[in-house]
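Chain letters run A, B, ... following the sequence lines, proteins first and then strands; every chain starts at 1.
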Protein chains: 2
Amino acid sequence: MTNEVRLLRFLAQDMTQAELGRRVGLTRQTIAAIEQGRYSPSLDVAFRIAHLFGKRVDEVFHWQPGGDQETKTPNSDAS
Amino acid sequence: MTNEVRLLRFLAQDMTQAELGRRVGLTRQTIAAIEQGRYSPSLDVAFRIAHLFGKRVDEVFHWQPGGDQETKTPNSDAS
DNA sequence: ACATAATGTCAAACATACATAACATCATGT
DNA sequence: ACATGATGTTATGTATGTTTGACATTATGT
């Protein structure tokens, strides 16, 4: 899961991490972590960031079908 | 944050919650909670669900700019 | 009447996103 | 040389997504 946040931030008059964080309601540390891909944000945060840059979520965050962990299938209920 | 998961599930040959959960690596309980909007999923889960139905994230999950809680602005660092 | 499948719901554990606070480096300017 | 702003990073705590297991209702079929 990669993203274009850093690039979009530079394209937006070199907006700072702190400024971006302020506008979308996050801390600058969280913005930094997202830019570095240390974790993928919540869907809500993804929408807020994408909306700020006038983009769709899939234009800002790039996802690949097998790109994640090979999801350990949950058990759900055993009967 | 509303979504079309339940509708899309019916359109896909009445796929069951458990079946959908199995295919995207979630439990049926989580699918039920997402359909009812009890919480918004992670971005990763949103991508997996949207991809399964051949849709974009914003086609499956509908987000409104002010729709959320009036996010209590974080402090970040005080100097 | 009994079984089974699909769904709702709940409580407790667990995983991870996010905040807060602190300290660090690097660049720029005075 | 000193200050300031932007970013990296780490540790700790809180909020919330997710699993697991259980029990319930409703419908359908035998």
Examine [N]: is either OP1 or OP2 under 4.0 Å from a nitrogen or oxygen in the side chain of [X]? Give yes or no.
X	N	answer
B:Ser42	D:dG17	no
B:Arg48	D:dT18	no
A:Thr27	C:dC18	no

Spacing between [X] atom [atom1] and [N] atom [atom2], to the nearest angstrom:
X	N	atom1	atom2	value
B:Arg6	C:dA6	CZ	C1'	10 Å
B:Leu20	C:dT7	CG	C1'	14 Å
A:Leu26	C:dT16	CG	P	20 Å
A:Arg38	C:dT16	CZ	P	15 Å
A:Asn3	C:dA17	CG	P	13 Å
A:Ile34	C:dA19	CD1	C1'	13 Å
A:Gln17	D:dT7	CD	P	5 Å
B:Gln29	D:dA24	CD	P	16 Å

Atom of A:Thr27, atom of B:Pro74 and distance for their closest heavy-atom approach = CG2-CB, 3.6 Å

Of all the nucleotides listed (D:dT19, D:dG8, C:dC18), which has the minimum atom distance to the side chain of A:Gln36?
-> D:dG8

Report the nucleotide, chosen from C:dT20, D:dT9, D:dT19, that has the shortest atom-to-atom distance to any side-chain atom of B:Pro74.
->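 My answer, after comparing the listed nucleotides, is C:dT20.
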
If you measure from CD1 on A:Ile31 to CD on A:Gln36, what distance do you get to the nearest 0.5 Å?
-> 11.5 Å

CD/A:Gln17 to CD/A:Gln29 distance, rounded to the nearest 0.5 angstrom?
->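 Between atom CD of A:Gln17 and atom CD of A:Gln29 there are 9.0 Å.
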
Side chains of A:Phe53 and A:Val24: does their closest heavy-atom pair fall under 4.5 Å?
-> no

Backbone N or O of A:Val45 within a donor-acceptor pair of the A:Ser42 side chain at under 3.5 Å?
->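 Indeed, once roles are kept as given, a pair shorter than 3.5 Å links the two residues.
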
Mind grabbing the angle between the end helix axes of the helix from C:dA1-D:dT30 to C:dT30-D:dA1? Five pairs an end, 10° rounding.
->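 Roughly 30° between the end axes, to the nearest 10°.
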
Note: A:Glu4-A:Lys55 ion pair, threshold 4.0 Å (strictly below) = no

Any N/O donor-acceptor pair, B:Arg28 side-chain to C:dG8 base, under 3.5 Å =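 Yes.
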
Answer with base, sugar-phosphate or nothing: what part of the nucleic acid does B:Thr16 contact at a heavy-atom distance below 4.0 Å?
->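 Since only primed, P, OP1 and OP2 atoms lie under 4.0 Å of B:Thr16, the category is sugar-phosphate.
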
Tell me yes or no: between the side chains of B:Asp58 and B:Trp63, is some donor less than 3.5 Å from an acceptor?
-> no

